[in-house]
S.K.: 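Got a structure here, written out as structure tokens. Questions coming.
Every number for a ligand or one of its atoms is a count from 1 in the order of the listing.
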Amino acid sequence: MKRKVTKAVFPVAGLGTRFLPATKSIPKEIMTLVDRPLIQYAIDEARAAGIKEFIFVTSRGKGALEDYFDHAHELEANLRKAGKEELLEALKDTNMESGAIAYIRQHKALGLGHAVWCARRLIGNEPFAVILPDDVIAAEKPCLQQMVEAHAEVGGNMVAAMEVPPEKASAYGVLDIKDDMGSMVSVKGMVEKPKPDEAPSSLAVIGRYILTPKIMQNLNRMKSGAGGEIQLTDAIADEIKKSGNVYGYRFRGQRFDCGSKAGFLQATVAFGLAREELHDEFKQFLVGMTAMQKAAE
Ligand code: UTP
């Protein structure tokens, strides 16, 4: 029987330089989309997929992230006294069961592969998920849940994939496809940030993975790759060569790159419009803004 995926690694040790100066003191993952920090969206998605153990790979200056998951007793008591049940309910999602959450330090930002490797002892010999909180995905069924269900059928390693235009491929890890089975593809190679004319397909990897513990062994031996960083893509590409059991999963949903300013703003608009209590006022504002922009052009 294939082992259930119950552990997830959240690499949050990056420097977040694209959001400087904000990220000088605020971790990127605490920045808010409407009224919830990015990390909350990632946690909710993991919970929906059946994840029970949450492993954060953090770094210096990420204290606000750890505080976020603490119980705020005084605040809760005040809200209870004031009868603010709805707000108490909203806080509930931020609470973690004791022992369900672990923090590991990545002492130097040596790359995503290195960050994942830092969690090796907590992962042990189990399959595990990796969620990059700056990729926020709006989907009817949460993306990781879709993947966990597909993974229960095929096992092995699975990466979330989406079609990108050729001129954008150089910003992603790109899949070299062996067999295309529709929502899933089997993969014969993977290239991190290929030059525009060297991308093997238009199917790009985004920040959701289900990986076997062998990936940790591959990372043990990794040297720095593209951009001088230890790349997770290289460890997965290694696994393709050794065992071939790597799949791309075309998830259903819309992904926002909240690690970039444009992506974050787009997500703010999409998630703002999706909120019933904000929808009408926000839409009216956007329509007015668009008309003003057009008139000015
Ligand atoms: P990014 O490539 O977005 O890098 O990392 P970054 O440092 O977060 O942001 P910029 O590019 O400087 O603006 C993708 C994911 O990998 C994590 C990041 O925290 C983010 O979730 N990461 C990256 C690490 O945990 N450690 C690293 O050494 C590098």
S.K.: Crowded around Lys283 NZ? As in, over 12 foreign heavy atoms under 6.0 Å?
M.R.: no
S.K.: Mind checking whether Leu15 has an N or O less than 3.5 Å away from an N or O of ligand 1?
M.R.: yes
S.K.: What's the shortest distance from atom 13 (O) of ligand 1 to any protein heavy atom, and which residue and atom give it?
M.R.: Arg18 N, 2.8 Å
S.K.: Let me see the working for Gln40 and Asp93 under side-chain hydrogen bond (donor to acceptor under 3.5 Å, both in side chains), right down to the final yes or no.
M.R.: CA-CA 8 Å; Gln40 185 69 55; Asp93 289 345; 4.9 Å; no
S.K.: With backbone taken as N, CA, C and O and side chain as the heavy atoms from C-beta onward, which portion of Lys28 lies under 4.0 Å from ligand 1: side chain, backbone, both, or neither?
M.R.: side chain
S.K.: Should the pair Phe54 and Phe10 be assigned to parallel (<30°), tilted (30 to 60°) or perpendicular (>60°) ring geometry?
M.R.: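 Phe54 vs Phe10 ring planes: parallel.
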S.K.: Does this structure show an ion pair linking Glu97 with Lys52, if we count only N-O contacts that are shorter than 4.0 Å?
M.R.: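 Salt bridge flag = no for Lys52 with Glu97.
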S.K.: Do Pro133 and ligand 1 have an N or O pair less than 3.5 Å apart?
M.R.: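 In fact, backbone or side chain, Pro133 has no N or O that close.
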S.K.: Is there at least one pair of N or O atoms, one from Leu110 and one from ligand 1, spaced under 3.5 Å apart?
M.R.: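 By distance alone, the answer is yes.
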S.K.: Mind checking whether Ala109 contacts ligand 1 via backbone (N, CA, C, O), side chain (CB onward), both or neither, at a 4.0 Å heavy-atom cut-off?
M.R.: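 Contact part for Ala109 vs ligand 1: both backbone and side chain.
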S.K.: Have a look at ligand 1 and work out which part of His114, if any, has a heavy atom under 4.0 Å from it: side chain, backbone, both or neither.
M.R.: neither
S.K.: Is the closest N or O pair between Leu112 and ligand 1 shorter than 3.5 Å?
M.R.: no
S.K.: Which class fits the ring pair Phe282 and Phe285: parallel under 30°, tilted 30 to 60°, perpendicular over 60°?
M.R.: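 Phe282 and Phe285: parallel rings.
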S.K.: How close does the nearest protein non-hydrogen atom get to atom 21 (O) of ligand 1, and which residue and atom is it?
M.R.: Pro11 O, 2.7 Å
S.K.: Say whether Gln106, considering both its backbone and side-chain N or O atoms, lies within less than 3.5 Å of an N or O atom on ligand 1.
M.R.: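 Checking ligand 1 against Gln106, an N or O pair does fall under 3.5 Å apart.
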S.K.: Could you tell me whether atom 11 (O) of ligand 1 has at least one protein heavy atom nearer than 4.0 Å?
M.R.: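 There is a protein heavy atom less than 4.0 Å from atom 11 (O) of ligand 1.
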S.K.: Heavy atoms only: give me the nearest Pro133-Val12 pair and the separation to one decimal.
M.R.: CG-CG1, 3.7 Å
S.K.: Could you see which bit of Thr17 sits under 4.0 Å from ligand 1, with heavy atoms only: side chain, backbone, both or neither?
M.R.: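 For Thr17, the contact with ligand 1 is made by both the backbone and the side chain.
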S.K.: For ligand 1, find out whether one of its N or O atoms is nearer than 3.5 Å to an N or O atom of Gly259.
M.R.: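 No; every N/O pair is 3.5 Å or more apart.
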S.K.: What closest approach, in Å, do Pro200 and Val174 show between heavy atoms, and which atom pair accounts for it?
M.R.: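 Nearest pair, atom of Pro200 first, then Val174: CD-CG1, 3.7 Å.
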S.K.: For the pair Glu297 and Lys294, find out whether any cationic side-chain nitrogen is under 4.0 Å from an anionic carboxylate oxygen.
M.R.: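 Salt bridge: no.
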S.K.: Considering only non-hydrogen protein atoms, determine which one is nearest to atom 25 (O) of ligand 1 and report residue, atom name and distance to 0.1 Å.
M.R.: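 Protein heavy atom at minimum distance: Ala13 N, 2.9 Å.
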S.K.: Students should be able to answer this: which protein heavy-atom is nearest to atom 28 (O) of ligand 1, and at what distance?
M.R.: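 I find the closest protein heavy atom is Gly111 N, 2.8 Å.
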S.K.: Look only at interatomic distance and state if Ala115 has a nitrogen or oxygen under 3.5 Å from any nitrogen or oxygen of ligand 1.
M.R.: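 No.
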S.K.: Is a donor from one side chain sitting under 3.5 angstrom from an acceptor on the other, for Ser59 and Gln106?
M.R.: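 No donor-acceptor contact under 3.5 Å links the two side chains.
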S.K.: Where is the nearest protein heavy atom to atom 19 (O) of ligand 1: which residue, which atom, and how far?
M.R.: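 That would be Gly14 N, 2.9 Å.
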S.K.: For Asp280 and Gln284, which I'm curious about, is there any donor-acceptor pair between the side chains at under 3.5 Å?
M.R.: no
S.K.: Please check whether Glu229 reaches ligand 1 - meaning an N/O of the residue sits under 3.5 Å from an N/O of the ligand, judged on distance alone.
M.R.: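 Between Glu229 and ligand 1 (N or O atoms, distance only) the closest approach is not under 3.5 Å.
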S.K.: Val57 versus ligand 1: do any nitrogen or oxygen atoms come within less than 3.5 Å of each other?
M.R.: no
S.K.: Do you reckon Leu232 sits in the same ILVMFWY cluster as Met216, going by side-chain contacts under 4.5 Å, direct or chained?
M.R.: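 Same cluster: Leu232 reaches Met216 through Ile, Leu, Val, Met, Phe, Trp or Tyr contacts under 4.5 Å.
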S.K.: Does atom CZ of Arg60 have more than 12 heavy-atom neighbours, drawn from other residues, nucleotides or ligands, at distances under 6.0 Å?
M.R.: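 Open: at most 12 neighbouring heavy atoms sit under 6.0 Å from CZ of Arg60.
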